[in-house]
Amino acid sequence: MRAPFGVVVITGASSGLGAALARAYAGPKVALGLLGRDRQRLDATARACEGKGATVSAAMMDVTEVSDMASWLCEFDRRHGVDLLVANAGTSAGPNPDSPSEGAEAVARQVGVNLLGAINTVEPLLPAMCSRARGRVAVVASIAAYRGLPYSPGYCASKAGLRAYAEALRPRLERHGVGMTVVCPGFFDSPMTDRFDGPTPFLLSSERAARIVKRGIDRGRRRIAFPWPLVFGLQFCDLAPAVIGDAILRHYRFRIHPAQ
Ligand SMILES: NC(=O)c1ccc[n+]([C@@H]2O[C@H](COP(=O)([O-])OP(=O)(O)OC[C@H]3O[C@@H](n4cnc5c(N)ncnc54)[C@H](OP(=O)(O)O)[C@@H]3O)[C@@H](O)[C@H]2O)c1
């Protein structure tokens, strides 16, 4: 299918899903704005995309830096006119197995990157996108947005918040001709998953996950959630009485090792 988007911004493009999405959208007559923090890996994504004929502007940027994000995004938009904005950058952590919680600092870090970082990505471009009355925003949440999982309280809080934020915006943006896609993936292979210690059922490659996400975005889907057994499983845990959901999830032994 021919990508309907010619100007695409992706955060977290230096790794995993973001890098795979950048490569998937790259092509002749496509301008890409790629953001990440690791210069070597971001440059590698940029080179791969240029090799496919795309024009690339890559920038080292921490999504928690409110004004740097706004300046770079608005400047890129003035030059190109963004029609797809993908807020994908994310981080994950979890408590030690013998500790009841993960601590305020770790929770704040995840909420800062996954929720506030996505908001810092989306908000600056909404006025321009809405005034052009075209384009789409996609935020990468997680199936963890459907039900809190005992192994990652801060991560679940950040992704549930992101899903709620994006779904609240969606009808407002649609009135202005701008679409919103909320992406809720299950497990896919990436440096983030390399830190997971436990079962990762239905694990996909990041390329396969990117193909599913791109197809959904290009078709204008409001929500992309996969794989369906995990989505339904977590929706069941959410809808069932809390005692049943808790009893099911309590037995899921899982640990997320901290990022280096
Ligand atoms: N992997 C999974 O199974 C899974 C499942 C559901 C949802 N997700 C979500 O999918 C998204 C992509 O995850 P992934 O698995 O591809 O992870 P990944 O390989 O660890 O990549 C994360 C990306 O986010 C960037 N990032 C992290 N903190 C940042 C910050 N403060 N400022 C700017 N960029 C930052 C990283 O940049 P640098 O590396 O340059 O620092 C990297 O490019 C995340 O939102 C994640 O929560 C992942």
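Just follow the structure's listing: the first ligand is 1, and inside any ligand the first atom is 1. By convention here, the first residue in the shown sequence is residue 1.
Atoms of ligand 1 found under 4.0 Å from any heavy atom of P191, numbered from 1 in the order shown, are 19 (O). Atom numbering of ligand 1 starts at 1 in the shown order; those under 4.0 Å from a heavy atom of T193 are 1 (N). Within ligand 1, the atoms closer than 4.0 Å to a non-hydrogen atom of G16 are 16 (O), 19 (O), numbered from 1 in the order shown. Which parts of ligand 1 touch S142 is read off a 4.0 Å heavy-atom cut-off, strictly below it: atoms 6 (C), 7 (C). In the vicinity of D38, heavy-atom distances shorter than 4.0 Å reach the ligand 1 atoms 38 (P), 40 (O).
The option with the heavy atom closest to atom 47 (O) of ligand 1, from among Y155, F188, F187, is Y155. Within the set R41, R37, K159, the minimum heavy-atom distance to atom 39 (O) of ligand 1 is found for R41. Remark: among candidates V139, N88, T200, the nearest residue to atom 12 (C) of ligand 1 is N88, based on non-hydrogen atoms. Proximity annotation for atom 10 (O) of ligand 1: of V140, D189, T64, V140 comes nearest, heavy atoms only.
Of the protein's heavy atoms, G186 O, 3.1 Å lies nearest to atom 5 (C) of ligand 1. Summary of contacts: the protein heavy atom closest to atom 24 (O) of ligand 1 is G90 N, 3.3 Å. Protein heavy atom at the shortest distance from atom 16 (O) of ligand 1 is L17 N, 2.8 Å. For atom 6 (C) of ligand 1, the nearest protein heavy atom (residue, atom name, distance) is P185 O, 3.3 Å. In terms of protein heavy-atom proximity, atom 25 (C) of ligand 1 is closest to G12 CA, 3.7 Å. For atom 34 (N) of ligand 1, the closest non-hydrogen atom on the protein side is A89 CB, 3.7 Å. Of all protein heavy atoms, the one closest to atom 18 (P) of ligand 1 is S15 OG, 3.5 Å. Looking at atom 14 (P) of ligand 1, its nearest protein heavy atom turns out to be S190 OG, 3.5 Å.
An N or O contact shorter than 3.5 Å links V63 to ligand 1 by distance. Considering backbone and side-chain atoms alike, G36 places every N or O at 3.5 Å or more from each N or O of ligand 1. Backbone and side-chain nitrogen or oxygen atoms of N114 are examined, and none is located within less than 3.5 angstrom of a nitrogen or oxygen of ligand 1. For ligand 1, the polar-atom distance check finds an N/O of D62 within less than 3.5 Å of one of the ligand's N/O atoms.
No single ILVMFWY cluster, assembled from side-chain heavy atoms under 4.5 Å apart, contains both V140 and Y146. Following chains of ILVMFWY side-chain contacts shorter than 4.5 Å, one can reach M129 starting from V182, so the two form part of one hydrophobic cluster. In this structure, M61 is not a member of the same hydrophobic cluster as V86, with clusters built from ILVMFWY side-chain heavy atoms closer than 4.5 Å.
In this structure, H80 and F76 have tilted ring planes: the angle between them lies in the 30° to 60° band.
Of the charged side-chain nitrogens involved, at least one lies within less than 4.0 Å of a carboxylate oxygen, so that R23 and E207 count as a salt-bridged pair. With respect to E174 and R222, a salt bridge is recorded, a charged nitrogen being found less than 4.0 Å from a carboxylate O. Remark: E75 engages R78 in a salt bridge, criterion side-chain N to carboxylate O under 4.0 Å. A salt bridge does not link D83 with R136: none of the charged nitrogens is closer than 4.0 Å to a carboxylate oxygen.
Contact annotation: for M61 versus ligand 1, heavy atoms closer than 4.0 Å belong to the backbone alone. Under 4.0 angstrom from ligand 1, the non-hydrogen atoms of V113 all belong to its side chain.
The minimum heavy-atom distance linking M180 with V139 is given by the pair SD-CG1, 4.4 Å. Nearest heavy-atom pair, Y155 versus M192, reported as atom, atom and distance to 0.1 Å: OH-SD, 4.4 Å. Minimum interatomic distance between T121 and L73 (heavy atoms only, all atoms of both residues): O-CD1, 3.4 Å.
Ligand 1 is approached by A141 to a heavy-atom distance shorter than 4.0 Å. Not a single heavy atom of S92 sits closer than 4.0 Å to an atom of ligand 1.
Residue-environment remark: CZ (R255) exceeds the threshold of 12 foreign heavy atoms within 6.0 Å.
Here the straight-line distance linking atom CD1 of I244 with atom CG of L249 works out to 12.0 Å at 0.5 Å rounding.
Between Q235 and R147, every side-chain heavy-atom pair lies at or beyond the 4.5 Å cut-off.
Y151 and D197 form no side-chain donor-acceptor contact under 3.5 Å, judged by distance and modelled atom types alone.
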